[in-house]
Amino acid sequence: MARKKIREYDSKRLLKEHFKRLAGSELALKSAQVTESTDFNELANKEPWLSSSKLVLKPDMLFGKRGKSGLVALNLDLAQVASFVKERLGKEVEMGGCKGPITTFIVEPFIPHDEEFYLNIVSERLGCSISFSECGGIDIEENWDKVKTVFIPTGTTFSADLCAPLVATLPLEIKEKIEDFIKVVYSIFLDLDFTFLEMNPFALVDGKPYPLDMRGELDDTATFKNFKKWGNLEFPMPFGRVMSPTESFIHGLDEKTSASLKFTVLNPKGRIWTMVAGGGASVIYADTVGDLGYASELGNYAEYSGAPNEQEVLQYARVAIDCATAEPDDKKRALVIGGGIANFTDVAATFSGIIRALREKEEKLKAAKMHIYVRRGGPNYQLGLAKMRSLGEEIGIPLEVFGPEATMTGICKQAIDCITASA
């Protein structure tokens with residue numbers, strides 16, 4: 001499971017679109033997205049309520065505590081919304097220690113309300129936890145002792161009996177409505193492969209639940225079965241994070257393949273670089289370098305898995321090597337081409353793409369004084385390792401090759417010893 005945050009606008013869009021399908025009734029939820037390309041006249045024609053309602057405007061940038069940070073504008077008309085956006089769009093703000101420009105807003109009707117409720121659903125290993133409170137809103141953390149939680153094991157129907165502890169203290173006139181609402185939201189949560197969903201708060205408008213603030217995360221590995229249900233959905237970068245051209249290129253490759261190709265530059269001037277097969281192994285390699293005290297020298301986080309073909313690996317490896325060999329400084333560098341023990345990936349086949357890239361980048365590798373450490377196991381690994389050994393002899397670059405008898409952590413130690421020996 002890969003938990004990916006989505007914008008509040010998309011969370012509410014998915015909730016509204018699928019509420020009727022699963023509940024048989026409409027959810028009177030209205031929202032619109034505003035970006036640099038938004039034409040307010042076109043938006044008003046598409047969403048007439050924008051011209052007839054008082055409005056709420058807030059950044060939709062995957063960070064919370066917007067109200068406490070003074071970033072929420074209330075009770076505006078559409079002209080005031082346009083002015084507010086013009087003044088702040090693209091301006092840098094700092095939230096939670098991260099700085100970045102605000103590029104996206106969500107605008108909604110201003111909803112007067114008396115009570116605020118809290119709802120949270122989280123996917124866990126053996127089921128889902130559902131939390132509810134009658135004291136929602138910006139002070140939820142100060143009232144956490146009033147939050148009630150139930151656990152629903154995987155495969156268990158969310159019955160009235162299981163929901164009862166959540167709504168037990170509600171007044172009778174709203175108890176059934178909120179119970180039914182929680183059940184439908186939970187059904188949508190499962191049906192669309194949400195991994196996290198939070199409404200803080202939701203209110204009752206004309207006696208019906210209405211989400212005011214909402215956060216959502218989806219399991220992006222379920223895209224193959226949900227792309228029609230999700231519709232035109234993006235998974236934005238975390239706030240303050242902007243992809244480099246290199247990362248954008250790899251991201252583009254990743255989106256076009258059934259395999260997984262991930263690449264994040266951590267330190268462009270780092271002297272330890274990785275090209276690791278397998279998500280778990282990639283974390284182990286990166287964590288080990290950090291645990292040994294050399295996180296500051298780690299140039300990147302990288303992972304390829306899901307049996308990418310030779311051409312995909314070739315393009316991936318070219319980019320990784322270009323980053324690892326940029327701006328030679330006469331100091332040794334290390335490239336760890338690692339992985340665990342593959343279950344089904346043909347090691348020799350994926351190594352063929354890496355070998356082609358290493359051969360192409362021979363001069364860059366030599367100029368950067370690169371030392372290469374290879375460790376892999378799995379189907380056809382003996383042939384893959386033999387090809388790597390031959391490549392080292394052919395291009396004259398220090399290249400040490402190990403099979404599954406060597407530990408992943410041990411390879412990291414050798415890479416560190418290499419760069420420190422010349423420090």
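Start at 1 with the first residue, then count along the sequence.
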All ring pair (Phe, Tyr, Trp, His ring centres under 6.0 Å) counterparts of F202, not counting sequence neighbours: F117, F181

Can you check whether L197 reaches I188 side chain to side chain, under 4.5 Å on heavy atoms? no

Which atom pairs, one a donor and one an acceptor, fall under 3.5 Å between side chains of residues 244-251 and the rest of the protein, sequence neighbours left out?
{"from": "S244", "atom 1": "OG", "to": "E247", "atom 2": "N", "distance (Å)": "3.2"}
{"from": "S244", "atom 1": "OG", "to": "E247", "atom 2": "OE1", "distance (Å)": "3.3"}
{"from": "E247", "atom 1": "OE1", "to": "R241", "atom 2": "NH1", "distance (Å)": "3.2"}
{"from": "E247", "atom 1": "OE1", "to": "R241", "atom 2": "NH2", "distance (Å)": "3.3"}
{"from": "E247", "atom 1": "OE1", "to": "S244", "atom 2": "N", "distance (Å)": "2.9"}
{"from": "E247", "atom 1": "OE2", "to": "R241", "atom 2": "NH2", "distance (Å)": "2.8"}
{"from": "E247", "atom 1": "OE2", "to": "V265", "atom 2": "N", "distance (Å)": "2.7"}
{"from": "S248", "atom 1": "OG", "to": "S244", "atom 2": "O", "distance (Å)": "3.1"}
{"from": "H251", "atom 1": "NE2", "to": "E255", "atom 2": "OE2", "distance (Å)": "3.2"}

Set of side-chain contact (heavy atoms from CB on, under 4.5 Å) partners for A23, sequence neighbours left out: F19, S25, V184

What pairs of residues pass the salt bridge (Lys or Arg N to Asp or Glu O under 4.0 Å) test when at least one of them lies in residues 7-20, not counting sequence neighbours? R7-E234, E8-K12, E8-K58, E8-R66, D10-R13, K12-E108, R13-E17, K20-E26

Can you name the residues that form a ring pair (Phe, Tyr, Trp, His ring centres under 6.0 Å) with Y210, not counting sequence neighbours? none

F40: what forms a ring pair (Phe, Tyr, Trp, His ring centres under 6.0 Å) with it, not counting sequence neighbours? none

Listing request: all salt bridge (Lys or Arg N to Asp or Glu O under 4.0 Å) pairs with a residue in residues 190-199, at least two apart in sequence or in separate chains. R21-D191, D191-K229, D193-K225, E198-R215

Side-chain donor-acceptor distances from residues 144-156 under 3.5 Å, at least two apart:
{"from": "K148", "atom 1": "NZ", "to": "E134", "atom 2": "OE2", "distance (Å)": "3.2"}
{"from": "K148", "atom 1": "NZ", "to": "L166", "atom 2": "O", "distance (Å)": "3.3"}
{"from": "K148", "atom 1": "NZ", "to": "T169", "atom 2": "OG1", "distance (Å)": "3.0"}
{"from": "T149", "atom 1": "OG1", "to": "S131", "atom 2": "OG", "distance (Å)": "2.7"}
{"from": "T154", "atom 1": "OG1", "to": "L126", "atom 2": "O", "distance (Å)": "3.2"}
{"from": "T154", "atom 1": "OG1", "to": "G127", "atom 2": "N", "distance (Å)": "3.4"}
{"from": "T156", "atom 1": "OG1", "to": "P153", "atom 2": "O", "distance (Å)": "3.2"}

Show me the side-chain donor-acceptor pairs of residues 379-390 shorter than 3.5 Å, one per line, residues at least two apart or across chains.
{"from": "N380", "atom 1": "ND2", "to": "D346", "atom 2": "OD1", "distance (Å)": "3.4"}
{"from": "S390", "atom 1": "OG", "to": "A386", "atom 2": "O", "distance (Å)": "3.2"}

Taking only residues two or more places apart in sequence, or in another chain, which ones meet Y186 in a ring pair (Phe, Tyr, Trp, His ring centres under 6.0 Å)? F158

Per the salt bridge (Lys or Arg N to Asp or Glu O under 4.0 Å) rule, what does the pair list look like for residues 260-269, sequence neighbours excluded? D254-K262

Please collect all side chain to side chain donor-acceptor pair (under 3.5 Å) contacts where either partner lies in residues 37-46, sequence neighbours excluded, each pair once. T35-S37

